[in-house]
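Following: one structure in structure tokens, then a few remarks.
Note that ligands are numbered from 1 as they come in the structure, with each ligand's atoms numbered from 1 the same way. What you see below is based on every heavy atom in this structure, not just the backbone, and it leaves out hydrogens, waters and symmetry mates.
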Amino acid sequence: MSKKEAAKLNQLYGSDPIAADAKFWGRQAYKTSRRGFLQNAGLVSLSTALGLTIPFARFMPAGLIPAAFAAESAPDMIEGKDGLIILNDRPVNAETPAHLLDAAVTPNRHMFIRNNGIPPESVDPENWRLEIGGESCVTPTTFSIRDLRERFEEVTLQLQLECGGNGRSEFVPAASGNQWTTGAIGCPKFTGVRLRDVLNYCGVARDAVYVGYYGADTHTSGNPDVDPISRGVPISKAMERESLIAWSMNDEEIPLQNGFPLRLICAGWPGSVSGKWLNRLVIRNQVHDGEKMAAPSYSVPNKSVAPGSRVPNADMQIIESMPVKSLITFPQSGVNHDYRQRMPVRGHAWAGDDQTSGVFLSIDFGATWIPTAVGSASNRLSWQNFESWVQFPEPGYYEIWARAMDNMGRSQPMVVPGWNPRGYLNNACHRVAVQAT
Ligand SMILES: Nc1nc2c(c(=O)[nH]1)N[C@H]1C(S)=C(S)[C@@H](COP(=O)(O)O)O[C@H]1N2
Ligand SMILES: [Mo]
């Protein structure tokens, strides 16, 4: 199935699951299926399409395209990257297929790219300057990267970065923006200095409430007076020990597309607060008012709304900590497997500013769940790895579902949560298909 077809079907499934089943499985299915469960005839056509029986068919919900039929795209060529899928080429936005995120620490070549504008062309790290100012900065100061290295303690931390719009492609009706599936997430190791050390050095006035960033990228319109993006975080987040000004990613230079030579990392919040090509920080006495700070950007309705509603900006609130989520990175969706062998299952789980307390796996469409331990994070705001296995009872088509819970008892929803106009914060369970023979 092409990406377009899959997207169309996804929309139809969201608005009218019975009609979608009819279209997908044929007329027979339409007659015999009821909302909630696929019945015999639909299963026959599904089995025929897959060439496999579906041992847990009785638990299979309607309104979900089997993971086996998710659109697959061919990887694209991007310098310094490997296997990423381009969603947009101007500005460049590219996501990482789940199975390429299997490593505990995301390698530079597999880190996704989310650009709002055009990256700077020729960057000379020797002459790069970072200006710290703003109305609540006591002593505005300009630093070279060498100054930062010499004056402040060097810190290395593994930090998760997830775009607020990751998972947007599943919202119905469709939300405009990059149609991320699951791959706008990564968790590399960053080296730099603590943001708070630099801010304190310059003096944070008592009335400071926010820190805003500016980067050296330019607006796609070419207009030099408009910033592509200029966001930031409240002082409390900026002052956390994990908020960094980083010059290195996995002990190498930060890749150009990921912010070379200097970037901000405030992990656990939408990736958009972590400014790339960082050249200016402003300590503000009000909420920063840079580009894409105001609703509807990176904002969600402050109470749930009907899908497709128009929501006034005044009824939106800015996204802070991201919700609990997990990703299955092994097996790759669609693989064949000898059903007599246990199947290893691996992945990661993360929960914004919080920790995950466990991951649950299901091979029967969510009817039963197997608790799985998650490892401890290498440091706060790093994802946690899980590794377990499942045993299929007989040959057939299965889906492995993963559902993480955070340490506050909040769990991932099994289906796409709270529709919102810009399609943020989809933390529905990840599903991968396995053909056990
Ligand atoms: N200067 C600048 N910083 C930026 C962006 C940008 O377009 N320009 N994109 C933001 C968004 S929306 C995200 S999700 C992350 C993505 O980081 P990455 O491209 O390194 O994965 O960077 C953030 N920082
Ligand atoms: Mo983002």
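If you look at Asp217 next to ligand 1, the close heavy atoms, those under 4.0 Å, all belong to the side chain.
Heavy atoms of Gly275 come nearer than 4.0 angstrom to ligand 1 in at least one pair. Within the structure, ligand 1 has Arg263 among the residues with a heavy atom less than 4.0 angstrom away. Look at Tyr298 and you'll find a heavy atom under 4.0 Å from some atom of ligand 1. Residue contact check for ligand 1: Pro228 places no non-hydrogen atom closer than 4.0 Å to it.
Considering Trp128, Trp247, Tyr201 in turn, Tyr201 is the only one that fulfils the ring pair (Phe, Tyr, Trp, His ring centres under 6.0 Å) rule with Phe143. Exactly one residue among Asp102, Thr182, Asn385 makes a side chain to side chain donor-acceptor pair (under 3.5 Å) with Thr329. That residue is Asp102.
The closest protein non-hydrogen atom to atom 16 (C) of ligand 1 is Arg114 CB, 3.7 Å. Protein heavy atom in closest approach to atom 15 (C) of ligand 1: Gly271 O, 3.4 Å. Counting protein heavy atoms only, atom 3 (N) of ligand 1 is closest to Lys276 N, 2.9 Å. Looking only at heavy atoms of the protein, atom 21 (O) of ligand 1 is closest to Phe112 O, 2.8 Å.
Contact of the Met322 side chain with the Leu425 side chain is registered, since non-hydrogen atoms from C-beta on lie closer than 4.5 Å.
Between the side chain of Gln384 and the backbone N or O of Ala351, no donor-acceptor pair lies under 3.5 Å. Under the 3.5 Å distance criterion, the side-chain polar atoms of Asp364 are matched with a main-chain donor or acceptor of Thr368. Judged by distance alone, the side chain of Ser357 and the main-chain N or O of Asp406 form a donor-acceptor pair under 3.5 Å.
Counting atoms of ligand 1 from 1 in the listed order, those under 4.0 Å from a heavy atom of Ile229 are 2 (C), 5 (C), 6 (C), 7 (O), 8 (N). The distance from ligand 1 to the heavy atoms of Asn115 drops below 4.0 Å at these ligand atoms: 7 (O). Applying the 4.0 Å criterion to heavy atoms of Ile113 picks out, from ligand 1, the atoms 19 (O). For ligand 1, the atoms lying closer than 4.0 Å to a non-hydrogen atom of Asn258 are 18 (P), 19 (O), 20 (O), 21 (O). Atoms of ligand 1 found under 4.0 Å from any heavy atom of Asn116, numbered from 1 in the order shown, are 5 (C), 6 (C), 7 (O), 9 (N), 10 (C), 12 (S). Ligand-side atoms of ligand 1 in range of Cys163: 14 (S), range being under 4.0 angstrom from any heavy atom.
Relative to the ring axis of Tyr213, Arg280 does not place its NZ or CZ within 45° and under 6.0 Å from the centre. Judged by a 6.0 Å distance limit and a 45° cone about the ring axis, Arg403 is positioned over the six-membered ring of Trp369.
Of the polar atoms of Ser272, none of the N or O atoms is found under 3.5 Å from an N or O of ligand 1, judged by distance alone. Here's the thing with Met111: none of its N/O atoms is less than 3.5 angstrom from an N/O atom of ligand 1. In terms of N/O distances under 3.5 Å, ligand 1 is approached by Ser274. Polar contact with ligand 1: absent for Trp277 (N/O pair, distance under 3.5 Å).
Aromatic ring pairs are classed by plane angle as parallel below 30°, tilted from 30° to 60° and perpendicular above 60°; the pair Trp401 and Phe365 is perpendicular.
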Let's go through Gln158 and Ser378 carefully: what are the C-alpha distance in whole Å and the side-chain angles of both, what is the deciding distance for side-chain hydrogen bond (donor to acceptor under 3.5 Å, both in side chains) to 0.1 Å, and is it a yes or a no? CA-CA 7 Å; Gln158 190 185 350; Ser378 45; 2.7 Å; yes
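Side-chain contact check for Lys276 and Asn258: no donor-acceptor pair (N or O, by modelled atom type) lies under 3.5 Å.
Salt bridge status for Arg410 with Asp354: present, with a side-chain N to carboxylate O gap under 4.0 Å.
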